[in-house]
Amino acid sequence: MLDYRLLDALAAVIETGGFERAAQKLHLTQSAISQRIRQLEQRLGQPVLLRTTPPRATAMGWRLNNHLQQVRQLEMDLVDTRDALPLKLRLTVNADSMATWLAPALARCELSPEMDFDLVVEDQEVGLKRMRQGEVMACICAESRPVNGGAVMALGRLRYRALASPAFVERYQTLKYPENLNQIPCLVFNHDDQLQHQFLESLRLPPPQRIHRCPSSEGFVQMALSGLGFGMLPELQVQPYLNRGELIDVSPPYYLDVPLYWHYWQTESSAMTQLREAVGAHAKAVLLPSAGTE
């Protein structure tokens with residue numbers, strides 16, 4: 001059985017970023033916090049914290065912290081424990097959702113003022129791995145299959161287009177010579193981002209030879225606007241630039257619709273249910289319909 005006094009100490013260190021602040025939060029001595037963390041690690045036979053500055057949770061540490069937050073939420077369904085607020089909710093999201101529609105979706109939930117969100121940004125193709133490892137309470141990604149013990153709700157589709165600045169298109173003559181697209185500067189979010197590769201593959205071209213990596217959704221747009229490269233950009237995010245002609249298609253019009261799903265645990269609390277329903281309602285209003293529902 002887990003000793004929840006030890007988990008409380010772990011959660012306090014993670015949330016405050018240090019042993020001393022955790023001790024102040026729990027009204028204990030720093031020595032007592034350190035002792036509880038050591039006891040937890042001895043019982044598990046593995047570390048739950050990396051002793052860096054500030055301390056960082058290991059994968060097991062995140063799993064235990066996520067479990068504790070779920071227990072706290074479920075307890076709220078049994079007893080009105082307002083002193084337990086705010087709720088700590090760790091969610092995995094893709095950067096483009098974070099940059100476009102997700103913030104107002106979270107705010108749409110009536111309980112959002114009582115929630116502390118910890119958003120872990122991952123590419124939509126790989127974000128589910130944290131859900132499988134039990135590190136987060138929910139995940140937004142492109143995978144439709146639920147994890148063991150989980151369920152999934154379709155949110156809609158985010159449309160991407162291959163875009164660049166007019167100056168870039170003119171410089172590299174992409175409309176006239178689309179067969180050269182794989183040889184000119186290409187924007188890629190990170191090592192997991194394959195959208196540009198899929199675009200080139202649709203034109204029967206090999207992978208890009210020149211790559212700018214930019215792990216920032218907003219920075220990605222700015223690099224495209226500045227003429228540094230072309231990339232697959234969310235139509236929802238760049239519509240104003242398309243309307244003003246500051247971004248244009250680099251080849252005959254092409255788009256790729258990426259489906260998005262909300263993954264959640266079947267044992268979710270009523271608070272998480274309210275959040276999921278609010279996010280789903282907002283997504284339905286702003287995203288393209290899921291395949292088969294148009």
Side-chain angles (χ1 to χ4, degrees), residues 92-107 119-127 140-142 155-260 282-283 285-288:
T92 302
V93 304
N94 62 305
D96 290 332
S97 289
M98 187 68 256
T100 52
W101 64 273
L102 183 59
L106 296 176
L119 303 181
V120 182
V121 177
E122 295 276 16
D123 187 85
Q124 61 257 21
E125 297 292 343
V126 300
I140 295 175
C141 68
L155 295 170
R157 292 174 293 152
L158 193 59
R159 175 161 293 181
Y160 289 79
R161 287 170 58 181
L163 304 171
S165 69
F168 181 91
V169 170
E170 176 64 25
R171 182 185 314 127
Y172 293 100
Q173 293 289 293
T174 64
L175 296 176
K176 188 175 182 180
Y177 304 107
E179 65 273 14
N180 296 331
L181 279 170
N182 70 304
Q183 302 173 32
I184 64 178
C186 173
L187 302 173
V188 174
F189 186 82
N190 59 22
H191 292 281
D192 299 311
D193 179 13
Q194 293 294 306
L195 295 183
Q196 289 69 218
H197 296 67
Q198 292 179 46
F199 163 61
L200 293 174
E201 186 178 347
S202 73
L203 299 177
R204 299 181 180 178
L205 294 175
Q209 297 181 15
R210 298 185 58 191
I211 289 177
H212 297 304
R213 284 194 176 86
C214 179
S216 162
S217 187
E218 294 79 4
F220 199 100
V221 174
Q222 291 303 314
M223 291 187 75
L225 288 168
S226 299
L228 291 172
F230 78 92
M232 297 294 293
L233 291 159
E235 197 173 65
L236 185 63
Q237 183 180 15
V238 300
Q239 193 60 58
Y241 301 114
L242 291 170
N243 294 342
R244 294 194 296 266
E246 297 176 35
L247 289 173
I248 60 175
D249 293 292
V250 297
S251 71
Y254 167 89
Y255 67 84
L256 176 65
D257 289 344
V258 174
L260 294 176
H282 186 78
V286 299
L287 298 179
L288 296 172

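In this text the structure is predicted, and so the values were computed from the model without any measurement. We're numbering straight along the sequence, starting at 1.
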Report task. Determine the minimum heavy-atom distance between Gly245 and Pro166, stating which atoms define it. Result -> O-CG, 3.2 Å

Query raised in the report: Are Arg161 and Tyr255 in a cation-pi contact, defined as NZ or CZ under 6.0 Å from the six-membered ring centre and within 45° of the axis?
Result: no

Query - Asp249 side-chain N/O to Pro252 backbone N/O, donor-acceptor pair under 3.5 Å - result: no

Query raised in the report: Run the side-chain contact (heavy atoms from CB on, under 4.5 Å) check on Trp101 and Leu260 step by step: do they pass?
Result: CA-CA 12 Å; Trp101 64 273; Leu260 294 176; 3.9 Å; yes

Report task. Would you check if the distance from the ring center of Tyr254 to the ring center of Phe199 is below 6.0 Å? Result -> yes

Requested in this report: For residues Phe189 and Ser216, report the shortest heavy-atom separation together with the two atoms involved.
Outcome: CE1-N, 3.4 Å

Query raised in the report: How far does CG of Asn180 sit from OG1 of Thr174, to the nearest 0.5 angstrom?
Result: 10.0 Å

Query raised in the report: With a 4.5 Å limit on heavy-atom distance, are the side chains of Arg157 and Leu287 in contact?
Result: no

Query raised in the report: Any donor-acceptor pair under 3.5 Å linking the side chain of His212 with the backbone of Leu228?
Result: yes

Requested in this report: Any chance you could measure Ser251, atom OG, to Leu200, atom CG, to the nearest 0.5 Å?
Outcome: 9.0 Å

Report summary line: Note: Phe220 and Met232 closest approach over all heavy atoms is CE2-O, 3.9 Å

Report task. Tell me, with the steps shown, if Asp257 and Leu288 meet side-chain contact (heavy atoms from CB on, under 4.5 Å). Result -> CA-CA 9 Å; Asp257 289 344; Leu288 296 172; 3.9 Å; yes

Query - Tyr160 and Asp96 side chains, donor-acceptor separation under 3.5 Å - result: yes

**Report entry** Any Val250 side-chain heavy atom under 4.5 Å of Leu175 side chain
**Finding:** no

Query - Listed partners of Thr92 passing side-chain hydrogen bond (donor to acceptor under 3.5 Å, both in side chains), at least two apart - result: none

Query raised in the report: Roughly how far, to the nearest 0.5 Å, is SG of Cys186 from CD of Gln209?
Result: 11.0 Å

Query raised in the report: Side chains of Asn94 and Leu102: closer than 4.5 Å at any heavy-atom pair?
Result: no

Query raised in the report: Can you check whether Val93 reaches Val120 side chain to side chain, under 4.5 Å on heavy atoms?
Result: no

Query raised in the report: Under a 4.5 Å cut-off applied to non-hydrogen side-chain atoms, are Leu256 and Gln198 in contact?
Result: yes

Query raised in the report: Is there side-chain contact between Gln237 and Ser217, with heavy atoms separated by less than 4.5 Å?
Result: yes

Query raised in the report: What pair of heavy atoms forms the shortest contact from Gln196 to Asp193, and how long is it?
Result: NE2-OD2, 2.9 Å

Query raised in the report: Would one find more than 12 heavy atoms of other residues, nucleotides or ligands at under 6.0 Å from atom CD of Gln173?
Result: yes

Query raised in the report: Backbone N or O of Gln222 within a donor-acceptor pair of the Ser226 side chain at under 3.5 Å?
Result: yes

Query raised in the report: If you look at every heavy atom in Asn190 and Arg213, which pair is closest and at what distance?
Result: C-NE, 4.3 Å

Report task. List the atom of Ser97, the atom of Ile140, and the distance in Å for their closest heavy-atom pair. Result -> OG-CG2, 4.3 Å

Query raised in the report: Between atom CZ of Arg244 and atom CD of Gln239, what is the distance when rounded to the nearest 0.5 Å?
Result: 10.5 Å

**Report entry** Within 6.0 angstrom of Arg204 CZ, more than 12 heavy atoms from elsewhere
**Finding:** no

**Report entry** Check: Ile184 main-chain N/O paired with Asn182 side-chain donor or acceptor under 3.5 Å
**Finding:** no

Query raised in the report: Do Arg171 side-chain atoms and Gly227 backbone N/O form a donor-acceptor pair below 3.5 Å?
Result: yes

**Report entry** Rounded distance (nearest 0.5 Å) linking atom CG of Leu163 with atom CZ of Phe230
**Finding:** 10.5 Å

Query raised in the report: Where do Leu203 and Leu181 land on the side-chain contact (heavy atoms from CB on, under 4.5 Å) test, with the steps shown first?
Result: CA-CA 9 Å; Leu203 299 177; Leu181 279 170; 3.5 Å; yes

Query - Interatomic distance, Glu235 atom CD to Leu247 atom CG [nearest 0.5 angstrom] - result: 11.5 Å

